[in-house]
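Note: hydrogens, waters and symmetry copies are ignored here, and every other heavy atom, side chains too, is used. A note on names: the letters A, B, ... follow the listed sequences, proteins ahead of strands, and every chain is numbered from 1. All values derive from a computational prediction rather than experimental measurement.
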Amino acid sequence: MTTDILADLRWRELLHQSTDEAELAKLLAAPQSAYVGFDPTAESLHVGHMMGLMTLRRFQNAGHRAIALVGGATGMVGDPSGKSQERNLLSVDDLNANVAAIKEQMGRFLDFEGDSGARLVNNYDWMSRFSYLDFLRDIGKHFPVNVMMTKDSVKRRLEGSDAGISYTEFSYMLLQAYDFAYLFEHHDCRLQLGGSDQWGNITAGIDLVRRMHGQHLHGATWPLLTKSDGEKMGKTASGAVWLSAQKTSPYQFYQYWVNVADADAGKCLRSLTELPHEEIEALDQSRAEAPQQRQSQKRLAQWITQLVHGEPGLRAAEQATQVFFGQPIENLSDAELTEIFSDVPSQTLAKDRLGGDGLSLLDAFVEAGLVKSKGEARRRVKEGGAYVNNHKRTDFEQRLTAADLASETVMVLRSGKKKYALLRFEG
RNA sequence: GGGGGGUUAUCCGAGUGGUCAAAGGAGUCAGACUGUAAAUCUGAUGGCGCACGCCUACGCAGGUUCGAAUCCUGCACCCCCCA
C-alpha cells in the first residue's frame with residue numbers, strides 16, 4: 001500500500017538532507033508515522049507552511065501516517081534557527097487561540113478521519129506537565145553542551161556580536177528533540193521531516209532517542225523554498241500570503257500564484273502540487289517555448305487555490321480575475337459584485353447624490369478614496385486612467401447618475417490598471 | 001567656553017531680494033509597450049471650480065522691503081573645528 005515516496009520526493013527536488021537513504025527506504029517499505037512541526041506564531045498558516053503540509057500530505061497519500069505537531073510549548077520558547085534576534089514570546093492564551101485556528105486549516109491538506117488518519121498533536125500537552133527538575137534530569141543530561149554549541153543555529157548567534165542568545169532559546173533544541181522522543185515512545189514515530197534549517201533540531205532528536213532507547217530514528221529535510229531573486233516565497237508588499245480566506249482572499253491568493261516568476265514556476269509546481277511528473281514536464285516545455293502563455297502559473301494557481309479554498313473559492317477567484325482584468329461590468333447583481341470585489345475598499349454614499357445633475361466624476365473618485373484630491377482626480381482622467389465600471393472616462397466635467405450604476409446600488413471605479421474601489425449608493 | 005556650517009516639498013539635493021510652487025535625482029502615480037512579468041520610453045507629481053487666478057508652503061517667531069526660501073533679530077535642533 002505504500003508507493004515509492006522517496007523517488008517522488010527526489011524527482012520533485014524535495015530531499016535536501018536525510019539520514020542514510022538506504023535505511024530510510026527500507027523503513028518506508030512498511031507504513032510509518034512521519035511528523036512535521038509547525039510553529040503557532042500566528043492565527044493562520046501561510047504560504048511558508050505549505051511545504052510542510054504538502055510533504056505530510058505526500059506521506060499520507062503514500063500510505064503512511066502523518067503527524068502534524070503544533071508547537072504550543074516550543075512556540076513559547078522560540079526557535080533560534082534562521083533568526084538573528086531573540087524573538088518575542090507569545091502568551092498562553094494567544095498560543096491556544098492560534099493552535100485552534102491552525103488545526104482547522106490543516107484539514108484542507110490532511111485527512112484526519114479514521115483510525116489511519118493523520119494525527120494532530122500539541123507538544124504543550126506533554127511539555128507542560130514536565131517539571132524543570134525532571135526535564136533536566138531525564139532529558140538534559142543526554143545533551144553535551146559542547147555539541148550544542150557547534151550547531152549552526154547556536155553558533156551563528158554566538159558569533160553574531162550584537163544579538164546573543166538567551167538560555168531559553170539555547171534550550172529550544174532540547175524541547176524539539178524531546179518531541180521526537182515522545183512521538184517515538186507514544187506513536188512509534190521514527191521519521192521527522194522539516195525544512196533544511198531544521199536539520200540540527202532533527203538530528204538532536206535522533207541523538208536523544210539513540211541515547212535514551214538505543215534506537216536509530218530517521219530524519220529528512222526539504223530545501224527551503226526561495227524565489228529566484230532571493231526573497232522568501234509567500235511574501236508580498238502587503239505582507240504574508242495567508243491560507244485563511246479572511247486574511248488573504250481566494251482572489252489574492254490565486255493572484256499570488258498567477259504572478260509567480262517564470263524562474264520559480266517549475267520549482268513551485270514540483271514542490272507544492274501533486275501534479276503528475278509528465279504534466280509538470282509538459283509545463284516546463286510550455287514555459288520554455290511560450291512563456292507568454294504562462295500555462296505553468298495558471299495551472300499552479302488553479303491547483304493550489306482549489307486545495308486551499310476548495311472549488312467555490314477557486315471559482316470565485318477565477319471570476320474575479322475575469323472582471324479585474326477589463327471585462328465590462330454589466331449584468332451583475334449587487335451580490336455578485338460584492339463577492340467579486342470583496343477585497344476592494346468601498347464607500348457608501350447617499351443615493352440622492354446621483355439625483356439631479358448627479359455626482360461629479362472627480363468627486364466620485366475622491367469619495368471612493370482612489371485619489372487624495374480633486375486635482376489628482378483631474379490628472380488621472382487626463383492621463384486616461386479613470387474608469388467607471390471598466391469603461392474609460394475622459395471628460396472630467398462629466399457627472400454620474402443612476403444610469404452609471406453597475407448593479408442595483410453599486411458603482412465600480414478604477415484608477416489606473418487595477419486599483420479598484422466601490423461606491424455604494426443607499427438610502 | 002570660542003569659531004564655523006547647516007535646517008528647502010515623500011526622500012536626497014540645488015537655489016542667496018523679484019522671472020520660485022521652487023533646478024536635478026530618487027520615489028510614487030498614470031500612459032505606451034508587454035506575458036497581470038522585467039526592462040524601456042513618455043507624462044504627471046501642494047490645494048482649490050487649475051488656460052493667464054487665489055490660497056498654503058522653504059526649522060520656529062518676529063522684522064526690513066513695493067516685494068523674502070533668499071537680508072536682519074531672537075529661539076530650537078543638528079554637524080564640524082579649537083579649548
Side-chain angles (χ1 to χ4, degrees), chain A residues 47 226-238 241 248-269 282-305 313-329 340-345 353 356-400 412-421:
Chain A
V47 163
T226 54
K227 295 197 290 183
S228 50
D229 60 10
E231 295 282 299
K232 257 192 199 155
M233 202 76 209
K235 288 273 187 206
T236 66
S238 48
V241 178
T248 298
S249 73
Y251 167 73
Q252 290 170 327
F253 186 83
Y254 178 87
Q255 282 293 316
Y256 177 78
W257 299 108
V258 167
N259 283 310
V260 164
D262 290 358
D264 300 322
K267 201 161 38 173
C268 290
L269 283 166
L283 288 169
D284 287 344
Q285 195 174 349
S286 157
R287 211 161 55 247
E289 290 166 3
Q292 70 280 8
Q293 290 185 8
R294 294 184 310 129
Q295 288 179 350
S296 297
Q297 284 89 339
K298 287 174 187 162
R299 191 73 182 93
L300 177 70
Q302 186 189 20
W303 197 92
I304 298 185
T305 306
L314 173 61
R315 264 205 311 279
E318 285 178 333
Q319 193 189 11
T321 296
Q322 296 279 308
V323 172
F324 272 98
F325 289 91
Q327 292 282 313
I329 302 169
I340 291 171
F341 289 100
S342 58
D343 296 331
V344 157
R353 296 192 59 178
D357 280 350
L359 176 65
S360 98
L361 181 64
L362 300 182
D363 283 336
F365 273 78
V366 175
E367 294 274 14
L370 287 173
V371 294
K372 288 196 278 296
S373 66
K374 287 170 87 167
E376 194 181 338
R378 193 180 304 268
R379 236 176 274 140
R380 196 61 24 85
V381 175
K382 282 182 187 161
E383 290 161 345
Y387 298 78
V388 176
N389 302 333
N390 274 349
H391 294 292
K392 185 184 285 190
R393 297 298 166 100
T394 52
D395 175 11
F396 58 72
E397 291 184 346
Q398 187 179 16
R399 306 192 76 81
L400 300 169
V412 181
L413 303 184
R414 177 176 134 210
S415 164
K417 283 214 165 59
K418 38 187 159 176
K419 215 160 84 195
Y420 282 85

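- Comparing the P positions of rA9(B) and rG74(B) gives an interatomic distance of 25 Å, to the nearest angstrom.
- Rounded to an integer number of Å, the gap from R294(A) CZ to rA38(B) P is 11 Å.
- What separates NZ of K374(A) from P of rA44(B) is a distance of 23 Å, to the nearest Å.
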Do any N or O atoms of the protein come closer than 3.5 Å to N or O atoms of nucleotides 27-30 of chain B, and which pairs are they?
from: rC29(B); atom 1: O2'; to: R380(A); atom 2: NH2; distance (Å): 2.6
from: rA30(B); atom 1: O4'; to: E383(A); atom 2: OE1; distance (Å): 3.2
from: rA30(B); atom 1: O2'; to: E383(A); atom 2: OE1; distance (Å): 3.2

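- Comparing the same atom, C1', in rA38(B) and in rG47(B) gives a spacing of 36 Å after rounding to whole Å.
- At a cut-off of 3.5 angstrom, the base of rU34(B) holds no donor-acceptor pair with the side chain of Q292(A).
- Across the protein-nucleic acid pair, K382(A) atom NZ and rC50(B) atom P stand 9 Å apart, rounded to whole Å.
- Straight-line distance between the C1' atoms of rG35(B) and rA14(B): roughly 42 Å, to the nearest whole Å.
- The separation between D363(A) atom CG and rG49(B) atom P is 8 Å, rounded to whole Å.
- Both G375(A) and Q255(A) lie close to RNA chain B; mapped to their nearest nucleotides by heavy-atom distance, the more 5′-ward contact belongs to Q255(A).
- Here the side chains of R353(A) and E367(A) are in contact, with some heavy-atom distance below 4.5 Å.
- Per the geometry, CD belonging to Q327(A) stands 13 Å off P belonging to rU36(B), to the nearest Å.
- Under the side-chain hydrogen bond (donor to acceptor under 3.5 Å, both in side chains) criterion, S415(A) pairs with R380(A), not counting sequence neighbours.
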Problem - Residue pair Y254(A), N259(A): steps toward the side-chain contact (heavy atoms from CB on, under 4.5 Å) verdict - result: CA-CA 9 Å; Y254(A) 178 87; N259(A) 283 310; over 6 Å; no
Output one line per pair: protein atom, nucleotide atom from nucleotides 54-57 of chain B, and distance, for all N/O pairs under 3.5 Å.
none

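- Annotation: salt bridge (charged side-chain N to carboxylate O under 4.0 Å, His left out) contacts involving residues 386-395 of chain A, sequence neighbours excluded, comprise R393(A)-D404(A).
- Counting non-hydrogen atoms of neighbouring residues, nucleotides and ligands closer than 6.0 angstrom, the CD atom of Q292(A) exceeds 12 such neighbours.
- Between L283(A) and R299(A) there is a side-chain heavy-atom pair separated by less than 4.5 Å.
- V47(A) places a side-chain heavy atom less than 4.5 Å from the side chain of W257(A).
- Under the rule for a side-chain hydrogen bond (donor to acceptor under 3.5 Å, both in side chains), R379(A) has no partner lying at least two apart in sequence or in another chain.
- Ranking rG35(B), rC50(B), rU36(B) by closeness to the T321(A) side chain, first place goes to rU36(B).
- One C1' atom belongs to rU34(B), the other to rA51(B), and the distance between them is 36 Å to the nearest Å.
- Listed by chain and residue number, N390(A) satisfy the side-chain hydrogen bond (donor to acceptor under 3.5 Å, both in side chains) test with Y420(A) (two or more places apart in sequence, or in another chain).
- Straight-line distance between the C1' atoms of rG25(B) and rC75(B): roughly 34 Å, to the nearest whole Å.
- Side chains of T321(A) and Q255(A): a donor-acceptor N/O pair is present below 3.5 angstrom, by distance only.
- When the ring pair (Phe, Tyr, Trp, His ring centres under 6.0 Å) test is applied to F396(A), no partner is found at least two apart in sequence or on another chain.
- rG18(B) and rG67(B): their C1' atoms are spaced 6 Å apart (whole Å).
- Distance NZ (K372(A)) to P (rG46(B)): 11 Å, rounded to an integer number of Å.
- With sequence neighbours left out, the salt bridge (charged side-chain N to carboxylate O under 4.0 Å, His left out) criterion links D284(A) to R270(A), R287(A).
- Residues N389(A) and R414(A) are not in side-chain contact: their nearest non-hydrogen atoms beyond the backbone lie 4.5 Å or more apart.
- Atom name C1', nucleotides rA32(B) and rC78(B): the rounded distance is 46 Å, in whole Å.
- With sequence neighbours left out, the side-chain hydrogen bond (donor to acceptor under 3.5 Å, both in side chains) criterion links T305(A) to no other residue.
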Fill in the blank from the handout: Dot-bracket for RNA chain B, 5' to 3', Watson-Crick and G-U pairs with both distances under 3.5 Å, [ ] for crossing pairs, | for partner on another strand, reads (((((((..(((.....[.....)))((((((.......))))))(((....)))...(((((..]....)))))))))))).
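- The stretch residues 256-269 of chain A comes close to RNA chain B through V258(A), N259(A), D262(A), each having a heavy atom under 4.0 Å from the strand.
- Note: CZ (F396(A)) to P (rG49(B)) measures 12 Å, nearest angstrom.
- No engagement by Q293(A) is indicated, since no non-hydrogen atom pair under 4.0 Å with the nucleic acid exists.
- Across the C1' atoms, rA57(B) and rC20(B) are found 12 Å apart, a figure rounded to whole Å.
- Regarding L361(A), its CG atom lies at a distance of 14 Å from the P atom of rG49(B), rounded to whole Å.
- The side chain to side chain contact (heavy atoms under 4.5 Å, CB included) test applied to K298(A) returns no partner, not counting sequence neighbours.
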